[in-house]
Amino acid sequence: MAHYQRAHSQSGSTSHDISELIRRRVCERLQSELGSASDDADLSARCNALLEQQDNQLQDLRQKADVAEQAFLERKSQLIADGERTQQLLLSATTEATAVLDRLRSIMPLDEDNTEEMKGVLDKINQTNMQLQYLQRLESIHDQCDRIRSSLACGAMNDALNFLQQLLDWCNELQSSKCSYLQTFLYKMTVFWTRMVADRVAQDLPAIFVRIGYPKPPSLQKNLSVAIDGRSRYEIAEITKILLKMQLPDFVVNCTDTDEAAVFLEQNLPVKYFVVPLEKRFRFHFYVSDKTNKIDKPEWYFTQLLSWIKDYADFLANVLHPVFQSEGFPQNTVKVDFVRALACLGRSKFLSSVPLLLKERSFFAHAVDELLVFSRHLVSMGYETVAKEFCRVLIIPEIFNPWFEAESLLIEERLDSFITAPGAWKNKYREGVENPEEMKVPHCSQQFVLMLRGLNDRFLLLPSAEHELKFVQLLLCACEDYISDMKSFFEENQEDDLFSATQSGPALAAGSRYLYDYLQEFGNSTLIIQLLSSSTHNPPSANARLAEELFDRLSAIQDDLSRMSKTSLLRTTTDAAMNIARPFVREYARMGWKTTGGVMEYVVPSLTPVIGELIYSMKTILSAHKERLLTVLYENFVREMMTSLDFLIFNEVIMKNSFSPGGAGQLKFDIMHNLLVALQRLTNLPNAGLTKTVESCSVLFMLKGSALLLLEVLDSASKGHASQSDRESITRTLTELNVKSLTSEEVAVLLRKRGDLEI
């Protein structure tokens, strides 16, 4: 209520303001109109004129209002009449609809059964409608084919090309259609009529070929592209442009059966017609002629194809490439399509020969070898894509299964002869080998890895991961069998220390490492990485699971080879070598070191005989191993060998004996001036790896006064009485003597073994 009063008061205030505004404006106008009157008569006359003017305006406004009112009334009557008619029409329509609904209800009660029946009728109507549309589209295709046929009969090439384009447009429309039979029929019709029209477009090419002398012999081919006249170039260019525009999309060609028409359209159309003369020659020589059509000579037709690729590729590039380039095609389209067309000839010939080849397995294996050689030549010439497409012939089950079986049997047969062959553990190829490391690998391992490389090259171009994985599995099985054979051979020859130390041990270690290096390279190759990436699919496919299993086996084989080469074989080889050296060291330890005279008592110091024998044995072993072990293995072997020898001399000779000054001098002369010098050249290690032995010689031969002082300090240090300066003095003294590996306790023990010290 308060809100209403406030609004009302605001409204009243607003009305008052408007009235005041009108009054003020009227006064202002009167002032402007009458303010300039000179007397009352003039003022009265002006007031009368103003009033008369206002009366006239008011009369005009009233007349206009009457006219507007009359028009409104007439319009209102018309609207009312229209509304009444519309209402009557609605009532009539409602009545009619009600009557129709009543009739429907009387003849078809709306229960669930009738509703389902009505849906069935509607489905049949829709199905019939779809069949009608299907037949109409089928009729349109037939009519369009008839138009193309008529255009070709009348020679109207432009009309034929336009009608053919309409077929291609329909192919694009039906690409996502579910009518597979109609789609396939349309694609086949499009392929068929494309070939018919293309043949008519290219009908003048044979005459042009005769005019330009194509194909001439290779000896005259170099100047052929220069000798072509302008008219021939123009005609070839025009025909080529039309054929390029007729090129069908892949989804049309790939959905057709592998009939002759489809094969015809696999290559670029202009290039296909340039291959026709060569195809005629190929079919004559390798299908008809008895002289060149030999089932056991597949290399003849593969060599002929390679020769044509080299002889005619440049000519076609010079003649057709400018036209292709003007139409927006990539740089090497002409050469690639020409090679692909010739490869199709080789594929067709090989497939036609398969039934006869399978009757003689040696012929079949030879044909597959030549096919792979041809593929590798294509790769070396830069046509890897064509080579992979060409090798699809190898994954046809009728070809792949006998090929894989033959490869498996060949590997099985060769595995039995690798290790047992004469000279298997010697390197037969020492001359002409660029890599010195390969000269150390035994012949059996070289041959085995060579076989694996050949096997790898054979399945490298296969376009199917499933078939590649089968070959990888075969390769890993061969590796496992070969490793098992090596272990058996090693166990059979382990008892002979000399043979194991100088022959079998180094050869087996080098062979194991060589195979490990190859598998490392194989595992890092592009092919294996691609196969590995296929195992990451989620959910994993059968191929992915097999790939994961094979890579686990590959890792296990590499780990086994690493253990064999670096651990078991090297350790066994080291032990065998030490078994040879140990008797000499023990005999050397039994020398009379307490009573040995000084070295300076002789005019020429003499070497202890047993040390000479030890030096000879060690030099023989190390030299043999340096020639047989790979560098990385030889370094490990020398390190282990010298460590073992150092430990043996230190414990057997030095720690178990006491030494007179002459004995200490003789020991130093034997070790420092003979054994150390001889082994240094073969080991390249500090002190030849005999660290403790060399340091012991320094301690045993140090000056008597220094030795007594050092021993006193060491004894004090052992009892905890040495000061910090004494410990530093011990450290400096040992450093000056280059004693770094011996402990202070060991130094003290060595000093007590000196016979010249009164302790």
Next item on the list: Find out whether L278 and F282 are in side-chain contact, i.e. whether some heavy atom of one side chain is under 4.5 Å from a heavy atom of the other.
Entry: no
Next item on the list: State whether the side chain of D646 and the backbone N or O of M642 hold a donor-acceptor pair below 3.5 Å, judged by distance alone.
Entry: no
Notebook entry, point to check: Quick one: salt bridge (charged side-chain N to carboxylate O under 4.0 Å, His left out) pairs with a partner in residues 507-530, sequence neighbours left out?
Noted result: R453-E521, R513-D517
Margin query: Just to verify, what does E389 make a side chain to side chain donor-acceptor pair (under 3.5 Å) with, not counting sequence neighbours?
Written below: R340
Check: Can you check side chain to side chain donor-acceptor pair (under 3.5 Å) on S307 and D311, steps first, answer last?
Finding: CA-CA 6 Å; S307 176; D311 292 336; 3.2 Å; yes
Notebook entry, point to check: Are W403 and F471 close enough that their ring centers fall under 6.0 Å?
Noted result: yes
Margin query: Between R553 and E480, does the salt bridge (charged side-chain N to carboxylate O under 4.0 Å, His left out) criterion hold? Intermediate values first, please.
Written below: CA-CA 9 Å; R553 288 177 63 182; E480 291 171 344; 2.9 Å; yes
Notebook entry, point to check: Side-chain donor-acceptor pair under 3.5 Å between S445 and Y482, yes or no?
Noted result: yes
Check: Are Y301 and N293 close enough that a side-chain donor and a side-chain acceptor fall under 3.5 Å?
Finding: no
Next item on the list: Report the C-alpha distance between I396 and F400 in whole Å, list the side-chain angles of each, state the deciding distance to 0.1 Å, and finish with yes or no for side chain to side chain contact (heavy atoms under 4.5 Å, CB included).
Entry: CA-CA 6 Å; I396 299 175; F400 180 81; over 6 Å; no
Next item on the list: Please assess N456 against Y518 for the test side chain to side chain contact (heavy atoms under 4.5 Å, CB included), listing each intermediate value before the final yes or no.
Entry: CA-CA 11 Å; N456 186 16; Y518 166 74; 3.8 Å; yes
Next item on the list: Indicate yes or no: at least one non-hydrogen side-chain atom of K626 is less than 4.5 angstrom from one of L622.
Entry: no
Margin query: Contact between L342 and Y312 at the side-chain level, heavy atoms closer than 4.5 Å - yes or no?
Written below: no
Checklist line | R582 with E652: basic N within carboxylate O range, under 4.0 Å | finding: no
Notebook entry, point to check: In terms of side-chain geometry, is the basic nitrogen of E491 or K487 positioned less than 4.0 Å from the acidic oxygen of its partner?
Noted result: no
Next item on the list: Please find out if less than 6.0 Å separates the ring center of W425 from that of F489.
Entry: yes
Item checked: Rounded distance (nearest 0.5 Å) linking atom NE2 of H467 with atom SG of C391 -> 12.5 Å
Margin query: Side chains of F650 and L645, heavy atoms from C-beta outward: is any pair under 4.5 Å?
Written below: no
Margin query: Distance check, rounded to the nearest 0.5 Å: F363 atom CZ versus L357 atom CG?
Written below: 8.5 Å
Item checked: Pair R458 + D369, salt bridge at N-O below 4.0 Å -> yes
Notebook entry, point to check: Under a 4.0 Å N-O cut-off, is there an ion pair linking K272 with E279?
Noted result: yes
Next item on the list: Under the side chain to side chain contact (heavy atoms under 4.5 Å, CB included) rule, collect the residues that match up with S352, sequence neighbours excluded.
Entry: Y287, K349
Checklist line | Pairwise side-chain contact, L305 with W308, heavy-atom cut-off 4.5 Å (strictly under) | finding: yes
Note to self: Under 6.0 Å between ring centres: does that hold for F350 and F302?
What the structure shows: no
Item checked: Polar contact flag, side-chain donor to acceptor under 3.5 angstrom, S362-E360 -> yes
Next item on the list: Could you go through the salt bridge (charged side-chain N to carboxylate O under 4.0 Å, His left out) check for E384 and K388 one step at a time?
Entry: CA-CA 6 Å; E384 184 174 357; K388 280 188 171 291; 5.1 Å; no
Next item on the list: Decide ring-ring contact (aromatic ring centres under 6.0 Å, His included) for H625 and Y634; before the verdict, give the C-alpha distance in whole Å, the side-chain angles of both, and the deciding distance to 0.1 Å.
Entry: CA-CA 7 Å; H625 284 67; Y634 179 74; 7.7 Å; no
